[in-house]
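The structure appears below as structure tokens.
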There are 2 protein chains.
Amino acid sequence: MATETVENYIKAIYVLCRESPSGEAGVVRLAQEVDVTKGTATSMIKRLAKLKLVKAPRYSGITLTTMGKKVALDVLRRHRIIETFLVSTLNLDWADVHEEAERLEHALSPRTLDRLDEFLGRPSTDPHGDPIPSASGKVSELRGKALSAYIKGAKVEIVRILDQDRAFLKFVAQSGLKPGVCVTVQALSPEGDSITLQVKRGQSVTLSSSAAAKILARLQ
Amino acid sequence: MATETVENYIKAIYVLCRESPSGEAGVVRLAQEVDVTKGTATSMIKRLAKLKLVKAPRYSGITLTTMGKKVALDVLRRHRIIETFLVSTLNLDWADVHEEAERLEHALSPRTLDRLDEFLGRPSTDPHGDPIPSASGKVSELRGKALSAYIKGAKVEIVRILDQDRAFLKFVAQSGLKPGVCVTVQALSPEGDSITLQVKRGQSVTLSSSAAAKILARLQ
DNA sequence: TTCAAAAGTTTGACGACTCAAACTTTGTTG
DNA sequence: CAACAAAGTTTGAGTCGTCAAACTTTTGAA
Ligand SMILES: [Mn+2]
Ligand SMILES: [Mn+2]
Ligand SMILES: [Mn+2]
Ligand SMILES: [Mn+2]
């Protein structure tokens, strides 16, 4: 089995590859993500390559091998099932569960994970709207577009928040923008670089475009 | 915070001290318990002493400091609450949960532990009858005497199994001797070194004295 | 009392993970 | 194109946790 550290690097590489248009991860971003120096990240990447989990040509981008992807989706599945449990069963705060799951994801056996999944009713997304990979390693990442991509008057349902940052999540929850909530695009201001949403009758929220880009929604 | 390895050593030392009549742990037994060589255990003990978690005079017995005891009870609390959850909520097998808790016990934050404890209704013992230390670090170890200590005809209730070994736990469960069950001492055979119990009307079980010594019960 | 076996310690070495700091390559940009 | 910043790599060193094997101390039988 991959060590806890290895799992963390692989998961981070997976997420970075998703995010980047080139589909490759970079050393500096990876180092930031796992909170080590870039030298440390470089040496770990060499080890991951030896373990056949990544491909990393010298001075070039990092990508996961098929095996690496499998490990990443496995960790992600554990992470998201745990988050779901912490929120829906133990009533922990939406914004706090990421950190906790970050540790617990490495300590669950397959059997216990499956029992937990069963207990939760086999959920398809976690509390942030992130899709939960299946036990066989399949995941449907595509659901919804960024709030900033909709036109004025659009009635949409929030489906996913693409950010684990506690402060951001607190703000999102405060604004009543959790997944499942329906909102209307009230105004778009390219000059002001912002978007205004009507959450409920009489309650509206203004977000910067960069914030709106991290909130996915779908029509109706 | 103490590292996972440190927590495991401290917990093992606590348990060994409980078990031994002298109240002290030995290096060889400790090494067995945490599954390392005795040389490794010795060097770890030196580190634990530097951390002020144990007292360990050279060539003599190991004891926990007040701080060490606090750490041990904290880990034990986490371990037992997790075992309770795994059995009573996720329906995992009585005999399997020890291993699982052995890993999870190091990954729970105090807040999550408390929520879990609350969710479970603040249980006072785990599925094996082991007492759960309070959040403030108090525990009542004394409850019941070994089955082998009762006289013929005694009607007793099983309260605790002093062994985490899977095979033994499977056997105990098979025999219907889980905590909470009431049995009658049917026969004692000092020659045969065994004890026979009536579990239900018509169903009886014979145990060796050494097995019976690991099962605690109380009158009535 | 003696002395072997058991208990405990020391030594030298290793793998995993990390850092700081010096270094090399790559990609812009004037 | 030159040169410079950003990205990536290398080097040397340190901590943690571990082993095997040689060593020392304690202890309990003969
Ligand atoms: Mn993690
Ligand atoms: Mn999430
Ligand atoms: Mn453990
Ligand atoms: Mn137990």
Side-chain angles (χ1 to χ4, degrees), chain A residues 1-13 15-17 19-64 68 71 75 102-103 105-107, chain B residues 1-13 15-17 19-64 68 71 75 102-103 105-107:
Chain A
M1 240 318 96
T3 171
E4 173 160 346
T5 307
V6 165
E7 288 190 343
N8 284 334
Y9 275 88
I10 292 295
K11 193 178 57 163
I13 292 169
V15 171
L16 290 175
C17 289
E19 280 177 10
S20 111
S22 67
E24 297 180 337
V27 171
V28 170
R29 281 300 314 283
L30 175 58
Q32 272 169 12
E33 209 67 24
V34 298
D35 200 30
V36 296
T37 63
K38 54 189 178 160
T40 300
T42 295
S43 67
M44 179 52 94
I45 287 160
K46 226 181 290 178
R47 279 186 42 220
L48 297 178
K50 202 166 291 173
L51 291 172
K52 304 273 185 211
L53 295 172
V54 306
K55 272 207 87 170
R58 232 155 154 267
Y59 289 105
S60 165
I62 309 157
T63 51
L64 291 176
V71 171
V75 181
E102 201 54 55
R103 276 171 290 114
E105 67 189 355
H106 311 289
Chain B
M1 241 314 99
T3 171
E4 172 161 348
T5 307
V6 165
E7 287 190 344
N8 284 335
Y9 275 87
I10 293 295
K11 192 177 57 162
I13 292 168
V15 171
L16 290 174
C17 288
E19 280 176 11
S20 111
S22 67
E24 297 180 337
V27 171
V28 170
R29 279 302 313 286
L30 175 58
Q32 272 169 12
E33 209 66 26
V34 298
D35 199 32
V36 297
T37 63
K38 54 190 178 158
T40 300
T42 295
S43 68
M44 180 52 94
I45 287 159
K46 225 180 291 178
R47 279 185 40 218
L48 298 178
K50 202 165 293 174
L51 291 171
K52 305 272 186 214
L53 294 172
V54 306
K55 273 208 88 168
R58 238 158 150 262
Y59 289 104
S60 167
I62 308 156
T63 50
L64 291 176
V71 171
V75 181
E102 201 54 56
R103 276 171 292 114
E105 67 190 355
H106 310 289

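Chain identifiers are assigned alphabetically (A, B, ...) following the order of the sequence lines, protein sequences preceding nucleic acid strands; residue numbering begins at 1 within each chain.
Looking at heavy-atom distances under 4.0 Å, T5(A) makes contact with sugar-phosphate atoms alone, never a base. The residue G26(B) sits close only to the backbone: its heavy atoms come under 4.0 Å of sugar-phosphate atoms, none of a base. When heavy atoms are screened at a 4.0 angstrom cut-off, S60(A) is found touching no nucleic acid atom at all.
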Please assess I45(B) against L30(B) for the test side chain to side chain contact (heavy atoms under 4.5 Å, CB included), listing each intermediate value before the final yes or no.
-> CA-CA 10 Å; I45(B) 287 159; L30(B) 175 58; 3.9 Å; yes

Yes or no on side chain to side chain contact (heavy atoms under 4.5 Å, CB included) for K11(B) and E102(B), after CA distance, side-chain angles and deciding distance?
-> CA-CA 11 Å; K11(B) 192 177 57 162; E102(B) 201 54 56; 2.9 Å; yes

Starting from the C-alpha separation in whole Å, work towards a yes-or-no answer on side chain to side chain contact (heavy atoms under 4.5 Å, CB included) for T5(B) and M44(B).
-> CA-CA 9 Å; T5(B) 307; M44(B) 180 52 94; 3.6 Å; yes

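The nearest whole Å value for the distance from the CG atom in L30(A) to the C1' atom in dC17(C) is 14 Å. Taking atom CE of residue M1(A) and atom P of nucleotide dA16(C), one finds them 16 Å apart after rounding to whole Å. With rounding to whole Å, D35(A) atom CG is found 12 Å from dC19(C) atom C1'. For the pair K38(B) NZ and dA5(C) P, the interatomic distance rounds to 14 Å; values are reported in whole Å. Atom CD in E24(B) sits about 14 Å away from atom C1' in dA7(C), given to the nearest Å.
The side chain of Y59(B) contributes no N or O atom lying less than 4.0 Å from OP1 or OP2 of dA6(C). For the OP1/OP2 pair of dC17(C) and a distance below 4.0 Å, the side-chain nitrogens and oxygens of T40(A) include no atom meeting the criterion.
Contact footprint of chain B on DNA chain D: nucleotides with an atom under 4.0 Å from a non-hydrogen protein atom, first to last in 5' to 3' order, dC16(D) to dT26(D).
Among all heavy-atom pairs drawn from P57(A) and G61(A), the shortest one is CD-O, 3.5 Å.
Remark: I13(A) CD1 to R29(A) CZ distance equals 12.5 Å, nearest 0.5 Å.
Residue-to-nucleotide proximity on DNA chain C shows that, of R58(B) and M44(A), the 5′-proximal contact is made by R58(B).
Considering only heavy atoms from C-beta on, I62(A) stays 4.5 Å or farther from Y9(A) through its side chain. Using a 4.5 Å cut-off on side-chain heavy atoms (C-beta onward), N8(B) and E33(B) make no contact.
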